[in-house]
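Right, one structure below, let's go through it.
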Amino acid sequence: MNRGLMLKAVVEIRTSTLLCGGLLCGVEAILAYVLPTFQAQFSENLRQIRFLQTFFSAMLGVDASEQFGPEAFMAFPWVHPVVLALVWAHALVCCTRLPAGEIEQGTADVTFTLPVTRWEILRSETAVWLAASLTVMAMILLGNTVGGSYAVAAEHAEGARTLIVLANLWCLHLAVGGLSWLVSALSNRRGVAITVAFVLLLASFLLNYLAQFWEFAKRIAFLGLLDYYRPLVILRDGIMPWRDMAILLMAAILLWTAAGVVFTRRDVCTT
Amino acid sequence: MSIIVTESLTRTYGRRRGIDSVSLRVSEGALFGFLGPNGAGKTTAIRVMVGLLRPSAGTARIFGLDCWRYSDSVKAEVGYMPGDLRLHAWMDGNQALRIWEKVRRRDLLPYGRDLAQRFDLDLTVKVRRMSRGMRQKLGLILALAHKPRLLILDEPTVTLDPLMQAAVHRLLREMAAAGHTVFFSSHTLGEVEQLCDRVAVIREGRLVADESLDALRQRAGHQVTIRWRDNAAASAEPPPFLKIEPPNGLVWSGMLNGPVDQFIAWLAHRPVDDMSISRPDLETLFRSYYASQGSGS
């Protein structure tokens with residue numbers, strides 16, 4: 001890995017990392033406080049509105065209609081659309097900078113003519129991205145812990161289970177990052193790369209949603225990344241989701257490797 | 001020893017032509033000018049050399065290494081400045097030099113600061129606040145700071161004022177004198193004429209000339225202007241070795257394609273009021289090249 005390129009990457013992604021991390025910390029703290037505290041009111045609403053039940057189940061990745069217990073309310077801060085959107089946004093913003101972003105802003109002529117291999121460029125960028133990803137995760141954990149500690153609830157999530165959920169979310173973050181690297185490697189325009197990656201993530205989200213009541217969607221739900229992220233099951237059963245995490249990590253590695261292969265073989269033309 | 005060698009180098013963009021069978025040799029220590037109008041293929045050839053583009057056919061080698069396969073090794077000893085230079089907006093000159101020195105694993109700050117002083121550039125100004133000329137200077141500093149064996153510059157002085165252009169020219173001459181090789185593209189003929197000892201001319205992706213400036217001029221003959229004393233002489237038929245443009249009253253101007261003494265002997269017994277003979281400047285050469293190639297195609 002190249003220290004110069006890592007320094008450049010740090011400067012370029014620190015603002016978005018701190019911004020996303022800060023927002024996630026705040027949102028997570030609010031959700032972790034509000035949802036368990038006002039569980040009774042929310043449960044009543046959920047029982048009355050069928051659409052909300054389906055939506056809740058889709059977000060949690062399991063049929064939760066029969067069990068809107070404390071775990072479901074502790075799990076919801078981990079799957080809230082705002083949380084997922086911010087986690088995705090961080091991955092999309094950081095991982096489409098190169099090569100699509102560099103080509104689009106014309107700086108590729110300078111960056112890619114430095115005396116390093118393209119693999120080394122990608123490795124250096126990825127090392128910084130991993131550190132940024134861990135920073136974001138740490139800020140989410142901080143928000144969840146602070147919010148949860150003030151929540152007025154009969155039960156609180158076990159620390160170990162919360163850490164497992166965080167590990168699962170981190171794997172999801174890495175997989176979204178891998179997808180973004182690949183789409184970016186195939187593109188000359190960062191906007192296009194972000195749009196394509198976002199549409200794919202949205203498709204995964206919709207698939208998860210539709211799978212709650214459509215048999216066909218249920219059968220192909222395994223194709224979506226969100227199928228491998230189930231905080232409710234972890235918080236309820238305390239089981240480490242090895243398989244889900246392995247699949248997400250494998251997807252991240254495969255997508256990243258494919259991105260590297262495409263990037264090292266492609267032409268770079270800024271005009 | 002040749003530093004840059006391209007053999008039948010071809011690069012296409014789908015159906016669009018980039019460069020076609022370009023074969024070039026640039027020897028060590030040369031100040032080599034790569035001439036051509038916009039869209040001729042200069043930048044494409046340079047992009048292949050610096051490993052941004054893969055050749056469609058043929059080879060490009062620098063220091064004997066394939067420019068695509070061993071791109072990182074090649075670039076360790078190359079300083080490159082692109083034509084349409086864009087730098088990261090958040091950087092200032094000092095940050096850029098610090099990053100570059102970490103990437104290149106060399107101490108670049110002292111010489112980088114010397115160059116900044118020479119080019120009168122404040123290294124504390126952010127790129128986003130720099131004028132185009134300032135960015136161009138920073139680009140040159142980043143390309144030169146590691147004292148590369150080969151410097152590849154794509155239209156390097158296009159946005160610089162005349163004083164700064166002269167400073168850059170001086171520096172390039174010094175580098176060439178110290179054994180560094182300078183390869184630069186330009187469509188500013190005067191610049192190439194002032195600096196280069198060898199030029200290649202590219203047209204519609206094909207190399208139409210690759211020789212020393214002197215040889216190019218020799219081949220092109222002499223530029224001649226004659227002012228006749230009377231109309232009779234002015235309306236006479238010119239000899240075969242003089243190619244005269246349509247006469248303008250008593251003045252003939254055109255090209256001499258033959259020995260000068262033959263021309264003087266022919267002129268000696270004719271009523272001449274004034275006469276000048278000179279080697280054509282590059283502008284004229286360039287135009288004649290393009291005119292002849294254009295009429296030939």
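Convention: sequence-line order gives letters A, B, ...; per-chain numbering from 1.
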Report yes if the side chains of His88(B) and Val11(A) come closer than 4.5 Å at any heavy-atom pair, otherwise no. no
Could you tell me if the side chain of Gln95(B) sits less than 4.5 Å from the side chain of Leu7(A), heavy atoms only? no
Please give me the minimum heavy-atom distance between Thr264(A) and Trp68(B), naming the atom from each residue. O-CZ2, 3.5 Å
Applying salt bridge (charged side-chain N to carboxylate O under 4.0 Å, His left out) as the test, list every pair that has at least one member in residues 84-108 of chain A; sequence neighbours left out. Lys8(A)-Glu102(A), Glu12(A)-Arg97(A), Arg97(A)-Glu125(A)
For Leu142(B), is it the side chain, the backbone, both or neither that has a heavy atom under 4.5 Å from a heavy atom of chain A? neither
Heavy-atom pairs under 4.5 Å with chain A, option from Glu77(B), Arg98(B), Met91(B), Arg105(B) with the top count: Arg105(B)
Would you indicate whether Tyr150(A), at its atom OH, is surrounded by more than 12 heavy atoms from other residues, nucleotides or ligands within a distance under 6.0 Å? no
Check the surroundings of atom OH in Tyr70(B): do more than 12 heavy atoms from other residues, nucleotides or ligands lie under 6.0 Å from it? no
To the nearest 0.5 Å, what is the distance between CG on Leu114(A) and CG on Asp72(B)? 11.5 Å
Side chain proximity check, Val268(A) to Arg47(B), heavy atoms < 4.5 angstrom: no
Please round to the nearest 0.5 Å and tell me the distance separating atom OG of Ser124(A) and atom NZ of Lys102(B). 13.5 Å
Separation of Thr107(A) OG1 from Arg86(B) CZ (nearest 0.5 Å): 9.0 Å
Please check if atom NZ in Lys126(B) has more than 12 non-hydrogen atoms from other residues, nucleotides or ligands closer than 6.0 Å. yes
Can you confirm whether more than 12 heavy atoms, excluding those of Glu174(B), are under 6.0 Å from its CD atom? yes
Distance (rounded to the nearest 0.5 Å) between Met6(A) CE and Ile99(B) CD1: 12.5 Å
Got Thr113(A) and Leu52(B) here, is their nearest side-chain heavy-atom distance under 4.5 Å? yes
By a 4.5 Å heavy-atom criterion (distance strictly below it), what part of Arg266(A) contacts chain B: side chain, backbone, both, or neither? backbone
Kindly indicate whether the side chain of Val50(B), heavy atoms from C-beta on, has any atom under 4.5 Å from the side chain of Phe112(A). no
If only atom types and distance count, is the side chain of Arg104(B) paired as donor or acceptor with the main-chain N or O of Pro115(A) below 3.5 Å? no
Can you confirm whether more than 12 heavy atoms, excluding those of Arg106(B), are under 6.0 Å from its CZ atom? yes
For a 4.5 angstrom cut-off between non-hydrogen side-chain atoms, does Trp100(B) reach Val110(A)? yes
Applying the side-chain contact (heavy atoms from CB on, under 4.5 Å) test to Val103(B), which of Thr111(A), Leu5(A), Ile121(A) qualifies? Leu5(A)
